[in-house]
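One structure is given here, and the rest of the page talks about it.
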There are 2 protein chains.
Amino acid sequence: MERAQVPETTIQRLPVYLRCLLQAQQERMPVINSVQMAEMCGSNAAQVRKDLSYLGELGTRGIGYDVEALIAHISRVLGITERRRAVVVGYGRLGGALRSYTGFPERGFEIVAVFDADPAKIGTDADGLVVRPMEELEDGIREVGAEIAILATPAPVSQQVADRLVSAGIRAILNLAPVRLHVPAGVAVRQVCLSTDLQILSFHLAQEQLT
Amino acid sequence: MERAQVPETTIQRLPVYLRCLLQAQQERMPVINSVQMAEMCGSNAAQVRKDLSYLGELGTRGIGYDVEALIAHISRVLGITERRRAVVVGYGRLGGALRSYTGFPERGFEIVAVFDADPAKIGTDADGLVVRPMEELEDGIREVGAEIAILATPAPVSQQVADRLVSAGIRAILNLAPVRLHVPAGVAVRQVCLSTDLQILSFHLAQEQLT
DNA sequence: ACATGTGAAGCTATTCACAGCC
DNA sequence: GGCTGTGAATAGCTTCACATGT
């Protein structure tokens, strides 16, 4: 293992840096420095430098960071130099929105299959893909070579679907249902819960209101 | 200021505790202890106790925590004893999914208005609400007394819409567009970016793959 | 006996400040 | 002179371990 260990907090900021670098690239900036990056992504210069230094010595003293090179490097660290294949499981309103979200392809991801349990949806069009039945989940995942699953099923069934995803070889799950998933070690899960975010916002409103 | 200062990390876990307590309530558990809570929400007992202790002395030594009382207390801290009113801005596929998401009402939130810029959508039904034009944004927000905005507009216009939300008195924004919003102090923003989450998952896949 | 609440210890992350290099 | 990379200092979070109360 060459790369010592990039802290998890740093990893979580890499996508932000990448976004800001892509913007700089569009603005035809050949080089960017830590102060500019910090401004663009709402951080501070020392943090940016420290984070990037975990990935290697990527900058040039007195100059800054080469935008192209840094984009390439962060993309490599994030493992998105090739587009990664993902499946959407649960084609309700949220699953539908995710399937047709245009931001994924340009950020390194491709939706390659869609599954749902509802017989009325099976076989219908999902923005260019066909909605497949849950019975085909394991085979379908192997067929298309998907590595990531976006889980947009109803909360009560999410755990059992997750178990099947894992047994089909999925190692990364983005869970949109408000339940904690139990998965074996080696499987990465990220939880997105909009109600949770709203409740945190509500806390801040409540704080202000007790003036 | 009576309540010393609840750490931000603790606040972020309160919604998780609340979810787990509601589950305990449904299972007719009158009392729960820190070990059980930790198991249910994937934390550890010391963390649970420390977090809850920031809110006051809510447990009984030798017994544990009264489920009902703790639900009430956390709800109060999160400011969701009354349902908070939110507007959805941007009624595309994502905005549509959010508007009809049934999880909000039971977690303390109510969508009270929907706005969009597209003339073809204005006036149409949004699951029981009427899609209103962006021209009515400020007046509409004041009219319905909304405190929170869920921002699901295209990335390029999100900042200018956010500015208008703030000038209309909104103090909490849930931003679903992949751009950093600049807002004045006193306005809380939470950023949800699914591409970011996928990229973090991709990093973990990449780590494993370099075996 | 049992489980909370909490100082203290240990650990991780952020910020500072400057040496090192262009 | 300017900007990176980084050890040192600081701040913040988590875990431990036990005194405290039921």
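We name chains A, B, ... by the order of the sequence lines, and we start the count at 1 in each one.
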Nucleotide of D:dT6, D:dA19, D:dT4 approaching A:Ser53 most closely (side-chain heavy atoms): D:dT6
Pairs satisfying salt bridge (charged side-chain N to carboxylate O under 4.0 Å, His left out), at least one member in residues 72-81 of chain A, at least two apart: none
Nearest-0.5 Å distance that lies between atom CG in B:Leu98 and atom CG in B:Leu174: 8.0 Å
Pairs meeting criterion side-chain hydrogen bond (donor to acceptor under 3.5 Å, both in side chains) with involvement of residues 95-110 of chain B, two or more places apart: A:Arg93-B:Ser100
Boundaries of the DNA chain C segment in contact with chain A, non-hydrogen, under 4.0 Å: C:dA13 to C:dC22
Nucleic acid contacts of residues 27-38 of chain B, taken as heavy-atom distances under 4.0 Å to DNA chain C: B:Asn33, B:Ser34
A:Leu52 CG - D:dT6 C1' separation (whole Å): 14 Å
For A:Asp51, the option from A:Gln12, A:Arg13, A:Met37 that meets side chain to side chain contact (heavy atoms under 4.5 Å, CB included): A:Arg13
B:Arg132: partners by salt bridge (Lys or Arg N to Asp or Glu O under 4.0 Å), with sequence neighbours left out: B:Glu136, B:Glu143
Partner of B:Leu70 by side chain to side chain contact (heavy atoms under 4.5 Å, CB included), out of B:Leu52, B:Leu18, B:Val31: B:Leu52
Distance in angstrom units between B:Leu58 CG and D:dT22 P, rounded: 15 Å
Those residues that, when tested against A:Glu68, pass salt bridge (Lys or Arg N to Asp or Glu O under 4.0 Å) (two or more places apart): none
side-chain hydrogen bond (donor to acceptor under 3.5 Å, both in side chains) partners for A:Ser158, two or more places apart: A:Thr153
Counterpart residues, salt bridge (Lys or Arg N to Asp or Glu O under 4.0 Å), relative to B:Arg180 (two or more places apart): none
d(CD, A:Glu8; P, D:dC13) in whole Å: 17 Å
Within residues 40-50 of chain A: residues closer than 4.0 Å to DNA chain D (heavy atoms): A:Arg49, A:Lys50
DNA chain C contacts among residues 64-71 of chain B, heavy-atom distance under 4.0 Å: B:Gly64, B:Tyr65
Heavy atoms from other residues, nucleotides or ligands near CD of B:Glu27 exceed 12 (cutoff 6.0 Å): yes
Pair listing, salt bridge (charged side-chain N to carboxylate O under 4.0 Å, His left out) test, anchored in residues 54-64 of chain B, at least two apart: none
A:Asp51 CG to D:dC3 C1', straight-line distance once rounded to whole Å: 17 Å
Listed partners of A:Glu39 passing salt bridge (Lys or Arg N to Asp or Glu O under 4.0 Å), at least two apart: none
Rounded distance [0.5 Å steps], CD1 in A:Ile170 versus CD1 in A:Ile148: 8.0 Å
